[in-house]
Structures are given as structure tokens and as C-alpha cells.
Amino acid sequence: MSLNVEVLEQSFEKIKPHADKFAASFYENLFQAHPEVKPLFTKTDMKKQETMLLKALVLVVENLRNPEALSPVLNALGARHVGYGAIPKYYEPVGKALLITFEQYLAEDWTPEIKQAWLDAYGVITTLMLKGAGQKSE
Ligand code: HEM
């Protein structure tokens with residue numbers, strides 16, 4: 001799988017000025033479409049969580065050209081997610097919420113190419129996280 005790094009970087013640059021709102025909207029979209037994941041976050045400080053999610057996304061995008069660095073970080077992140085109750089079937093709803101949020105914020109700049117690039121990237125992220133969690137993605 002070769003990722004469309006340029007498209008990922010360019011589209012993420014457009015999100016950066018609205019990063020805080022983007023992260024808040026992501027969780028709104030996720031909880032609206034999938035209220036069943038809400039209980040996982042009952043003890044969570046959502047403001048902090050939004051910052052951490054963004055940091056993780058920035059790290060991923062900044063290291064797309066350096067995938068060897070990304071694997072151990074995402075394996076470890078996936079392993080920690082077992083303790084958060086993030087079972088494999090929740091990865092798809094999270095990916096969908098992420099795409100919907102990108103579409104909202106990129107608006108007229110949203111294209112099928114960008115959508116495909118993020119679908120591929122999220123697939124790679126999920127595979128690496130679930131590998132770290134000791135589970136397969138199916
Ligand atoms: C692209 C995939 C994902 C990324 C980049 C991501 C990122 C993060 C990060 C950076 C943290 C902070 C704690 C840590 O670093 O260990 C975190 C915590 C958490 N994530 Fe994720 N996550 C992803 C997928 C998911 C999925 C699929 C779920 C399931 C619903 C989930 C649920 C949670 C929960 C419940 C916490 C803990 C909140 C707390 O500390 O109370 N995450 N996530």
C-alpha cells in the first residue's frame with residue numbers, strides 16, 4: 001500500500017488553522033452516529049482528549065514519509081487502546097467520523113482523491129494499531 005502523502009499533507013494543512021474545532025466536531029460526529037462508544041469516554045477530559053487526538057494525527061501526517069518510525073508508535077498506541085475498551089469493531093465508526101469531519105471542514109476543497117487518501121491512511125493506522133493490540137482487523 002503506497003499512501004498519497006502529498007494529498008494527505010496538503011489536506012491536513014487546510015485543517016490546521018481550525019484544529020481545535022475540528023477535533024471537537026470529530027467527537028460530536030462520532031457520538032451522534034455511534035452513541036454506543038460514548039461510555040468509553042465517561043471519565044475522559046474531552047478537552048485534553050481533543051488535544052491528544054490532534055497530536056496523534058499531526059504525528060502520523062508528519063511521519064508519513066518515515067513509516068518505520070510510525071509503526072512502533074502506532075503499535076504501542078493500539079496496545080494502550082485495549083485498556084480503553086476500543087474493540088476492533090469500533091475502528092470503522094471512528095474512521096467514518098474522521099472522514100465526515102474532514103468533509104465538513106474541507107468543504108469545497110473535499111475531493112474523491114482526498115477521500116481515498118484518508119481512507120487508505122486510516123486503514124494503515126488501524127492495521128498498525130490492531131497489530132499492537134494483538135488483534136486482527138477483521
Ligand atoms: C486513528 C485511530 C486513533 C487514534 C490516532 C487515537 C488516538 C488516541 C490518543 C492519542 C489517545 C490518548 C491516550 C494515549 O495516547 O494512549 C487516545 C485515547 C483514547 N481513545 Fe483513541 N485513537 C484512535 C482510535 C480509537 C478508537 C477506534 C476508539 C474506540 C472508540 C478510541 C477510544 C479511545 C479512548 C476511550 C481513549 C481513552 C480516553 C481516556 O483516557 O479516558 N480511540 N486515543
Side-chain angles (χ1 to χ4, degrees):
M1 157 77 55
S2 65
L3 293 176
N4 198 340
V5 176
E6 263 163 43
V7 165
L8 292 166
E9 285 174 347
Q10 283 166 11
S11 56
F12 199 65
E13 277 307 311
K14 290 183 185 156
I15 295 298
K16 275 187 182 168
H18 320 283
D20 291 355
K21 283 191 176 169
F22 176 88
S25 299
F26 161 73
Y27 287 106
E28 268 170 36
N29 287 330
L30 176 63
F31 295 153
Q32 200 179 356
H34 290 276
E36 71 272 20
V37 303
K38 255 185 159 172
L40 274 60
F41 295 90
T42 42
K43 296 198 182 111
T44 307
D45 175 339
M46 288 313 289
K47 268 273 150 275
K48 275 192 196 155
Q49 182 66 19
E50 287 163 15
T51 311
M52 286 192 286
L53 173 87
L54 273 173
K55 279 194 182 156
L57 285 177
V58 168
L59 178 100
V60 168
V61 175
E62 282 178 351
N63 285 285
L64 285 168
R65 293 178 194 275
N66 187 15
E68 320 80 64
L70 222 43
S71 296
V73 175
L74 289 176
N75 288 163
L77 183 64
R80 291 198 298 278
H81 273 69
V82 177
Y84 306 148
I87 52 178
K89 72 168 184 184
Y90 290 157
Y91 279 76
E92 195 187 326
V94 166
K96 279 199 178 135
L98 202 58
L99 279 185
I100 288 169
T101 316
F102 269 115
E103 186 174 2
Q104 274 172 359
Y105 279 76
L106 290 176
E108 68 269 22
D109 292 333
W110 179 247
T111 63
E113 191 189 26
I114 298 177
K115 181 177 183 176
Q116 193 57 53
W118 280 100
L119 271 173
D120 293 346
Y122 188 75
V124 171
I125 294 168
T126 299
T127 302
L128 289 170
M129 286 179 68
L130 288 179
K131 198 176 161 215
Q135 290 148 331
K136 291 203 177 77
S137 50
E138 261 81 42

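Atoms within a ligand are numbered from 1 in the order they appear, just like the ligands themselves.
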Colleague: Of the backbone atoms (N, CA, C, O) and the side-chain heavy atoms from C-beta on, which set of I125 has a member under 4.0 Å from an atom of ligand 1: side chain, backbone, both, or neither?
Modeller: side chain
Colleague: Measure K55 to ligand 1 on non-hydrogen atoms and call it side chain, backbone, both or neither using the 4.0 Å cut-off.
Modeller: neither
Colleague: Tell me which protein heavy atom sits closest to atom 32 (C) of ligand 1, plus the residue, atom name and distance to 0.1 Å.
Modeller: F41 CZ, 3.4 Å
Colleague: Give me the nearest non-hydrogen protein atom to atom 4 (C) of ligand 1 as residue plus atom name, then the distance to 0.1 Å.
Modeller: L77 CD2, 4.0 Å
Colleague: Below 4.0 angstrom from a heavy atom of A56, which ligand 1 atoms are there? Numbered from 1 as shown, please.
Modeller: 5 (C), 10 (C)
Colleague: Tell me which one of A86, A121, P93 gets a heavy atom nearest to atom 29 (C) of ligand 1.
Modeller: A86
Colleague: Tell me whether ligand 1 is touched by H34 - counting only heavy atoms on the residue side and a distance under 4.0 Å.
Modeller: no
Colleague: Note the single closest protein heavy atom to atom 15 (O) of ligand 1, along with its residue, its atom name and the distance in Å.
Modeller: R80 NH2, 3.0 Å
Colleague: What part of T44 sits under 4.0 Å from ligand 1 if we count only heavy atoms: the side chain, the backbone, both or neither?
Modeller: both
Colleague: Does this structure show an ion pair linking E9 with R65, if we count only N-O contacts that are shorter than 4.0 Å?
Modeller: yes
Colleague: For ligand 1, is any non-hydrogen atom under 4.0 Å from L57's backbone (N, CA, C, O), its side chain (CB onward), both, or neither?
Modeller: neither
Colleague: With heavy-atom distances below 4.0 Å as the criterion, list the atoms of ligand 1 near Y90.
Modeller: 27 (C), 29 (C), 30 (C)
Colleague: Note the single closest protein heavy atom to atom 27 (C) of ligand 1, along with its residue, its atom name and the distance in Å.
Modeller: V94 CG2, 3.3 Å
Colleague: Which residue and atom name correspond to the protein heavy atom nearest atom 22 (N) of ligand 1, and how close is it?
Modeller: H81 NE2, 2.8 Å
Colleague: Under 4.0 Å, heavy atoms only, figure out whether ligand 1 is touched by the backbone of M52, its side chain, both or neither.
Modeller: both
Colleague: Could you list which atoms of ligand 1 come closer than 4.0 Å to a heavy atom of Y122?
Modeller: 1 (C), 2 (C)
Colleague: Would you mind checking which non-hydrogen protein atom is closest to atom 18 (C) of ligand 1, with the distance to 0.1 Å?
Modeller: Q49 NE2, 3.3 Å
